[in-house]
Participant: 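Got a structure here, written out as structure tokens. Questions coming.
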Protein chains: 2
Amino acid sequence: MSGKPEPKRTDGPAPAVDDRSVAARLFAILDAFAAPAGATSLTLTLTAIAQRAGLPLSTTHRLVAEWVGWGGLTKHDNGQYSLGMKLWELGVQTPTARNLRTIALPYLEDLYETTREHVHLAILDGRDALYLEKLSGHHAVRLISRVGARLPLHSTGVGLVLLAYAPSDVVQQYLATGLQRFLPRTVTEPDAVRKRLAEIRLLGLARMSEEMTAGSSSIAAPIRDRTGQVVAAVSIVTRTTDIVDPEQEQAVRLAAQGVSRALGYRRAQQ
Amino acid sequence: MSGKPEPKRTDGPAPAVDDRSVAARLFAILDAFAAPAGATSLTLTLTAIAQRAGLPLSTTHRLVAEWVGWGGLTKHDNGQYSLGMKLWELGVQTPTARNLRTIALPYLEDLYETTREHVHLAILDGRDALYLEKLSGHHAVRLISRVGARLPLHSTGVGLVLLAYAPSDVVQQYLATGLQRFLPRTVTEPDAVRKRLAEIRLLGLARMSEEMTAGSSSIAAPIRDRTGQVVAAVSIVTRTTDIVDPEQEQAVRLAAQGVSRALGYRRAQQ
DNA sequence: ACCAGAACTTCCACTGAATGGAAGCGGATG
DNA sequence: CATCCGCTTCCATTCAGTGGAAGTTCTGGT
């Protein structure tokens, strides 16, 4: 009853004992390096890591040393830390990413060659479109997307395609939360989005225009696995024009079909 | 006093208390998933993880749960575990890999388009060539290399280039250990390798033939950063022919120069 | 050159989180 | 139905991890 038998705590601003496990603390350290949006990858000092992870400096010091020893973090000459190659090495072995990427890459290359536009490959992960691959030429319009980026489902071509073929409860939940408007043309009204999703399912293709990045539009199509489930989406992002280019749309469709076939999909109908 | 008040340990085969830290045990679990050579990515049962990591089952159970909770491992329906997307997500943010890849990719695409051969991008990491990127078309000769793979320095094109421009003590150490012979034509004799390295430095290009995989040859060239240091190597792998193709060699050289220039290198001499 | 301050590293007594043996569970196999 | 094998849960024991504090190094201001 009453207060716990705390030793000698000077009131202060809620010490709030940290009941995270060692593992959770180790993870918190890595999470401190998660790059925010489309920024360059982070490089942090020990103190910065400690702050971001909410850990005492000495604990951070010890745990960071463990990460460095294993290769999950690297210490640079200037004393800053960044994510280490070991992490990259294990990361690229993750089955979902690796298998899809390996199979899809040749088709993405073809698509890039025929269109010379940014090519994206993304999957649905939680409430986001997670970008697995991105090909772009030298010219390349500046985009926020990059490999490993998470972008909203309702404002990107791949995102909308993924949402269009997602289980209805996922759609329900996604639309329930307020959708952010990035540009005047971003569609954020739930019912309007629903109507779009139906059109996408009908057409087997999504067309976006100026909803995430000014001056750029995109065309996206679904990729299916052997069971017919949509598991990913491909897209190209072009400079916005008013005319629909049937050749580009056909190229995206073909790429998506190619990958689907390589994944073992044999289209049932149509 | 005498012996510790051990509870009731039956002698047995050296209990050998495990003095690994919690962190080390967590890492051992991830390391259990490191795919051996060119195999498909692993999927393991709890028991298998425990064995590979050398941990008691109950400890493994608890720590694996921590990884799953964070997203570093994923539990599949069948009860098997594999590396998780979180790992991939953080992994692709690793600066070295990300920066080099982003800058190099357009040039690698060009190289692929002009040659239609496997294109590799690798860096020197420890005693291995670590493959950062690999592009291949549909036809594609079967190769052991893949993104994230580690292959020997003396039997691959990129490896030999990296070794040629490595600090002399690295070369020293590498050659000191016995070099494995994969095929009859693999050069393993230290002095012969040294001679090759000198030729590569002179020519700015490496030519390999049937030293790792039967029927395939490769042409590799060095990539330099702004300081002039060789930081990576590009190569194409072709079906072995007896004639040297100057166009292919020129294409590899151009790609390497393009990436170098994009990295800020302005060649000093030549 | 000197000093102040910040950032990092090391130390160590205390303690509660991690450990792992054992028992319980559940589903596959014969 | 019995057995095996792999997974999950439990909990008393203890030692690894903790973090405050002191020591050290680096930075930059005057």
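Computation of the quantities below employed the complete heavy-atom set of this structure, encompassing side-chain atoms and omitting hydrogens, waters and symmetry-equivalent molecules.
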Participant: In this structure, is the centre-to-centre distance between the rings of His76(A) and Tyr81(A) below 6.0 Å?
Facilitator: no

Participant: Is a side-chain donor-acceptor pair under 3.5 Å present for Arg127(A) with Thr177(A)?
Facilitator: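 Yes, because at least one side-chain N or O of Thr177(A) sits under 3.5 Å from a partner of the opposite role on Arg127(A).
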
Participant: Could you check whether any side-chain heavy atom of Ile103(A) comes within less than 4.5 Å of a side-chain heavy atom of Arg98(A), counting everything from C-beta outward?
Facilitator: no

Participant: Tell me: CD1 of Ile49(A) to P of dT9(C), nearest whole Å?
Facilitator: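 Value for this atom pair: 11 Å.
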
Participant: Of the residues in residues 60-76 of chain A, which ones touch DNA chain D at a heavy-atom distance under 4.0 Å?
Facilitator: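 Only Arg62(A), Leu63(A) qualify.
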
Participant: Between dA18(C), dT18(D), dG20(C), which nucleotide gets closest to the side-chain atoms of Pro56(B)?
Facilitator: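 Closest nucleotide to the Pro56(B) side chain: dG20(C).
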
Participant: Take the protein atom CG of Asn78(B) and the nucleotide atom P of dA28(C), then report the distance between them rounded to whole Å.
Facilitator: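 Those two atoms, CG and P, are 12 Å apart.
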
Participant: So what does Leu55(B) touch, heavy atoms closer than 4.0 Å: a base, only the sugar-phosphate, or nothing?
Facilitator: nothing

Participant: Measure CG/Leu26(B) against P/dT19(C) and give the value in whole Å, please.
Facilitator: 8 Å

Participant: Quick one: are Asp128(A) and Leu153(A) in side-chain contact, heavy atoms under 4.5 Å?
Facilitator: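 In short, these two side chains do not touch, never coming nearer than 4.5 Å.
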
Participant: Between P on dC10(D) and CG on Leu57(B), what's the gap in Å once rounded to a whole number?
Facilitator: 16 Å

Participant: Quick one: Tyr81(B) OH to dG6(D) P, roughly how many Å, whole number?
Facilitator: 14 Å

Participant: Given the structure, check if the side chain of Ser58(B) and the base of dG21(C) hold any donor-acceptor pair shorter than 3.5 Å.
Facilitator: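 A donor-acceptor contact between them is present.
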
Participant: Could you say whether Thr47(A) or Ala23(A) is positioned toward the 5' end of DNA chain C, judged by the nucleotide with the nearest heavy atom to each?
Facilitator: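 It is Thr47(A) whose nearest nucleotide is closer to the 5' end.
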
Participant: To the nearest Å, how far apart are Ile29(A) CD1 and dG17(D) C1'?
Facilitator: 13 Å

Participant: Distance check needed: dC8(C) C1' versus Gln51(A) CD, whole Å only.
Facilitator: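 Atom CD in Gln51(A) sits about 14 Å away from atom C1' in dC8(C).
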
Participant: Could you tell me how far apart Arg20(B) (CZ) and dT19(C) (C1') are, to the nearest whole angstrom?
Facilitator: 13 Å

Participant: Distance check: side-chain N/O of Thr59(B) vs OP1/OP2 of dG20(C), anything under 4.0 Å?
Facilitator: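 Yes, because at least one side-chain N or O of Thr59(B) sits under 4.0 Å from OP1 or OP2 of dG20(C).
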
Participant: Taking the cut-offs as 6.0 angstrom to the six-membered ring centre and 45 degrees off its axis, would you call Arg224(A) and Tyr165(A) a cation-pi pair?
Facilitator: yes

Participant: For the residue pair Ser21(B) / Glu66(A), report whether a side-chain donor-acceptor contact shorter than 3.5 Å exists.
Facilitator: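 Side-chain D/A pair, Glu66(A) to Ser21(B): present.
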
Participant: Quick one: does Leu132(B)'s side chain get under 4.5 Å of Met85(A)'s, heavy atoms only?
Facilitator: yes

Participant: Looking at Arg25(A), I'd like to know whether one of its side-chain N or O atoms comes within less than 4.0 Å of OP1 or OP2 on dT18(D).
Facilitator: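 So the side chain of Arg25(A) is within the cut-off, an N or O lying under 4.0 Å from OP1 or OP2 of dT18(D).
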
